[in-house]
Structures are given as C-alpha cells and as structure tokens.
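FYI, the numbering just counts along the sequence from 1.
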Amino acid sequence: MNNTLVAIVIGIVAIFVGYNFYARRIDRLVIQADPKRATPAKMYMDGVDFMPTSRNVLYGYHFKSIAAAGPIVGAITAAALWGWFPSLVWLVLGVMFMGWASDYSAIALSVRNDGNSLSAIAHKLIHPRTRQVLFVFIFFYLLLVAGAFGTLVATTLNNPIVPLGIIALGVFGMLAGQLLYRAKLDLILVTLIAVGGTLLAVLLNASATGAVATAFKNFNAWLNGFAPPKGALITVLDPTRPAGQQDVAITVSLVFWLLFMFAFCYLGAILPIWRYAQPVNYIGFWITALTVVVAGLGAILAFWIKPGGHDVSTFTIPTFVGFGGPTKVLAVSGAIQPLWPMLFVTIACGAISGWHALIGSVGTARQIESEEDMLPVGGGAMFSEFTLGLLSLLAVSVAVTTAGTTSTAVAIGRFADGIAGFLNVFGISKVYGSAIARAAFVVIVITVTQLLFRIMRVTLAEWLGDRAPIFRNQHVGTLISMAATTLLVVSGTWIYIWQLFGASNQLMASLSLLVVTVWLVATHRNATYAALPTVFMYVTTMAATLVTGYNLWVTIFTKQLGKAGHEIAVVGSFLTVAIAALLFVAALLIAVDGVRAIRRYRRQPIATAPEPGRVTA
C-alpha cells in the first residue's frame, strides 16, 4: 500500500464518490440550486467586483484563489511529523465531508444574500455584535496569512532562477484581460498565448548558470551593495534553523522583491477584477493544473517505469510516526505535537480551509453567472485542490528519508525534488522539472496573496468605513494592509506567525460553517451536513490554538527572554501569543452568538434568508 499508485487510486475514488454521491445530493435536495434565479453578478454588474463569468473561467479563478502554500507545506510537514498514513486519511476524509461543503456553502450563502460577505450576513442573521467581532477576527487572520505568504513569496523571488516567470505572469495576465474582454478573442487562443508565454519565461530562467539567472543574480548583488558588508539591513531570528544558523539577514534585495510583490498585488487589489486578478489567476490555474496532472500521471506510471533505474513510486518515510509526533526531535525544543488536534490544522488546505470561504463569499460568489455553477465551481475547485495536497504528500513521501525534520524552506525544495522525479518519468530533465515545480509553487502563492490584499481592503471598508469614510477608499485600504504586512515581514515575526496560521485558518473555516448552519436553520433546511463539520473543526481548532500558544511561549519566548540580540524574537513571540488569545476570545463570542441564533430560528424559522443591503465596498 505504501506507493504512489495506491494513494492516487484512493484519491480518485474519494473525488468520484464525494462529488457525485454526496455533494450533488446536497446541492439538489438542501440548497436547491435554481438556474432561473437571478444571481448578484447579473443584478449588480459593475465590472469591478460583480461580473457574470463563464463557469470554465470562474472554476480556474476559484481554484487558483484557494490553492496556496497550505496544501504543499502542510501535507509535507504533517507527513514528517506523524507519517504519510494519517496525513492521507485526513486529506481524504476532510475533503469528502468538510472541504467541499465549506467552499460550496459559502458561495451559495453569498449568492442567496445579494453577494454580501460572511460578516454582513452575520450582522443581519445572527447579531450586530457578531459582525464586528468577525471583522476583528478576519482582519487579524488575514494579516497572519499575508505576513506568512508575503515573506515566503519575497524570499523565493530573491532566488535568481525564479523572477522572470512571475514578471511574465503579471504581463500576460494584463494582456489576457484585454484580449478576452475588450478584443473578444477566443478563450482557447488567449489561453495558449498567455500560458505558453509564461511557461516559456519559466524555462528561460530555469538554469542557475544561464544568462537570465545570472542577470538577476548580478542585480541582487548590486542592490545588496547599498548595505555592506552582506547587504543586511537587519538580522532576525529563525528558530526553525539548526543551532548556530538561526540569525537570518533581511537584505536589500529581499526588501526589493517584497516591494515588487506589493506592486503585483496592488494591481490585483484595486483594478477591476476582469482586468488583472481574474486572468492572472486563470493563467496560474493552468500552470498549476498542468504541473499537477503531468506529475500525477508520472506518479502513477512510476510504479512501472523507473527513470534511470531509480524507484520514485515507493514511500521512503514512515507510515506512522506516533500520536505524539517525533518525540526525540520535539524533546530538544520542548514543543508538543499531539496528532489531535495538530494534524488537522497542519494540513490547513487540501482538506478544509477558512480562506476558501472568505474568497468564495466576497470574490467568486459575485461572479457566479448561474446558480447551477455554484457546485462545479466551489465544490469542484476544492476537490481539485485536494489533488494538489495529495501530490505534495506523494512528492515528499518518495523524496524524504527522515521524519520530523521538515521546515517551510526545506519543504519547498523537497516538493520540487519530488515533482521533478515524477516529471522525469516522461524524460523531462530534472533541472527543468524542478524549475517548473518551483515556478508552480510561487505562482500558487503569489496569486493568492494578491487576493488577500483585495479581501483585506474590503474587510476594512465594511469594518471601519461607516465611522471613517476614508477606509472605503480602495487605495487607502490596500496600502494600510500592505504597511501592516511589511511590519510583520521586516520585524521577523512572520516566522512565529506561520505557526499560528494553520490554527486560525481552520478556525475561520469552522466559523464560516457556523454562519452557514444558522442560515440553513433559519430558512428551514436540513443543516446536518454543515453542522457536524462545524462542531468538529471548532473544537479541534480551539484546542490547536491553545497548543500553538503554548509552544510559542515555551520554545521561543521563555528561552530567548533576556538574551542579547534576540529582542525581536521575544517581542514577536509575545505578540503572536497575544494574537492567538485575541482570536480565541473572538471565536468564543461568535460561537455564543451563533448558538443563540440557532435556538431562536429553531423556535421560529423564517421563510427565506434575510437579505442585507448590498455592500458597495
């Protein structure tokens, strides 16, 4: 059983059964999608946020909006901590019974409520206080994600073999928007031009000794020359590195690529969605999909084909490490990693994710052309993201030989090595295979990061816009979000925030499902399919938040307190624990309001869900 072929067969069965026999039944009997009902995209079309979009394009947009670093880094980290079997079981059961339900239901809820966000619906459906508390939770949650993903993108772009493909992605994304919606060119032709051009740029930048990579290397060296001797502006602590290597320099070139990322994301946050964010995500979808499909086929064929005599189909990591993780490794730091609840937040995406519900309610739902598109777009994209998590698990399972040693940075390299091995089955050079895998990873993360800032500025507008109208200005909201993210990145606190990302992301999923459950009860529908995942994920993620806070306090704050040069580590860990406590309390308040609303609507359900006034932010 410990080979890629069996795991892929299990994954295919999970997708087929989950979508055809469960998801479609809920869509038909509970939500009752009606293609004749007018959607917010048609009623409020403004060409900015509300835009009726083809199901095929929107599927690609939503998939790329939800697929980020989580299913890659999460699956790899979980496999190293607990083994490949528990990771596979959670991926399969999570997506079949929870993941698709969260994505699809958030879109359906928003479509049936004028395209409003989860917080706006909570205001009308649950309690006015719930909206304000949810705003606080969402903004700080998004800040955690932006800080973690933002630094990851900037660090990867700082590698000379990466930037050209991402520059091409932005250029071809802008071009694709014009060709599709202004010039009205055929979708297939535009896809060939945009995706082909971006992939060509990736391959031109693949060789570390090539002309393109050399040019970027010299450019980075020139930038770092402004801060001798090594280009370091400040030094931060990375406790995930080996002893003696934990001081990490924030260089001038790193800051430059961080600013480049902000410029890339700024366009996605303020331009009409058809002009940049949607086509960029569409291109990203094809790059990711091609990588997943071809590497997946390679993983299947690797059972019979041994490129160069090497076996890349048999797992080399333990099936099961233990309920407490690798105890010998963890004993050194004093951290605890119990399988429950930590496995279920370590694999934050691929099984279920709160980010999906957010982007689905304020992004995808406002582009749904027909209600019959909600399931193939929302549920279908979630099942597709599951394949990315599964492929990542397979890649690390055949590439890693030691458990308990995976960090975020190491995970990316091992992901690239594993994918390169699968692509090598088709005769693709490992140099190009690794380049394609790294490019796919960066595309996955940066396309989601641009949407993070779009959602952050919408959240600020809804949260503070009534009190201070300046927050309704899209430029102001975007710049404030980016400034806060910059503070996280340059202070080094993103290192600790990454550890909290998984717990807060899954907690967001449980809260979104709670709002959906209230809506289902209020409109006299069977809420079981949403209520059960709500309870499980809420209890699990609240426990994981406490464990994460404990680990931060014990392994970083108390160990670094009073040590010269580690002041940033102390302050960063303390603030991260404080954010964890804030999110924990906010989640408690939202749950209390949600339970009260459910009891109220059980006594007196309403005929249809309340329709709050349309959000213009």
Would you indicate whether the side-chain heavy atoms of W355 and M508 approach each other to under 4.5 Å? no

Would a distance-only check, ignoring hydrogens and angles, find a side-chain to backbone donor-acceptor pair under 3.5 Å from N424 to A420? no

Any chance you could measure Y276, atom OH, to F264, atom CZ, to the nearest 0.5 Å? 3.5 Å

With respect to L180, which candidate in L185, L175, V190 satisfies the side chain to side chain contact (heavy atoms under 4.5 Å, CB included) definition? V190

G378 backbone acceptor or donor facing Y59 side chain under 3.5 Å: no

Please confirm whether the backbone N or O of I336 pairs with a side-chain atom of N551, one donor and one acceptor, at under 3.5 Å? yes

Taking all heavy atoms of G433 and all of L423, pick out the closest pair and write down the distance. CA-CD1, 3.7 Å

Any L258 side-chain heavy atom under 4.5 Å of L254 side chain: no

Could you check whether F285 and F63 have their ring centres less than 6.0 Å apart? yes

Any H356 side-chain heavy atom under 4.5 Å of C349 side chain: yes

Is the backbone N or O of L164 less than 3.5 Å from a side-chain atom of N205, with the two atoms forming a donor-acceptor pair by type? yes

Going by heavy atoms in the side chains, are Y61 and L451 under 4.5 Å from each other? yes

Any side-chain to backbone donor/acceptor pair from T316 onto S397? Under 3.5 Å, distance only. yes

Can you check whether A148's main-chain N or O pairs, donor with acceptor, with T151's side chain at less than 3.5 Å? no

Would the distance check show the side chain of Q506 and the main-chain N or O of F344 forming a donor-acceptor pair, the cut-off being under 3.5 Å? yes

Is the count of non-hydrogen atoms from other residues, nucleotides or ligands lying under 6.0 Å from Y432 atom OH greater than 12? no

Whether over 12 other heavy atoms sit under 6.0 Å from F426 CZ: yes

Mind checking the CG-OG1 spacing from L394 to T387? Nearest 0.5 Å is all I need. 10.5 Å

Give a yes or no on whether the backbone of Q337 and the side-chain of W82 come within a donor-acceptor separation of less than 3.5 Å. yes

Residue pair I444 / L388, side-chain heavy-atom distance below 4.5 Å: yes

Checking N505 side chain against F501 main chain: does a donor-acceptor pair fall under 3.5 Å? no

Give the ring-plane orientation class for F441 versus F415, where under 30° counts as parallel, over 60° as perpendicular and anything between as tilted. tilted

Rounded at 0.5 Å granularity, tell me how far CG in L189 sits from CG in L179. 8.0 Å

Got a second to check how far L91's CG is from E385's CD, nearest 0.5 Å? 9.5 Å

Within the distance-only criterion (no hydrogens, no angle test), does the side chain of S384 pair as donor or acceptor with the backbone N or O of G380 below 3.5 angstrom? yes

Any chance CZ of F219 has more than 12 other-residue heavy atoms, nucleotides or ligands included, within less than 6.0 Å? yes

Heavy-atom check, side chain of T191 versus side chain of Y282, under 4.5 Å: yes

Given side chains that start at C-beta, do those of L199 and I287 come closer than 4.5 Å, heavy atoms only? yes

Do the side chains of I419 and I436 get nearer than 4.5 Å, heavy atoms only? no

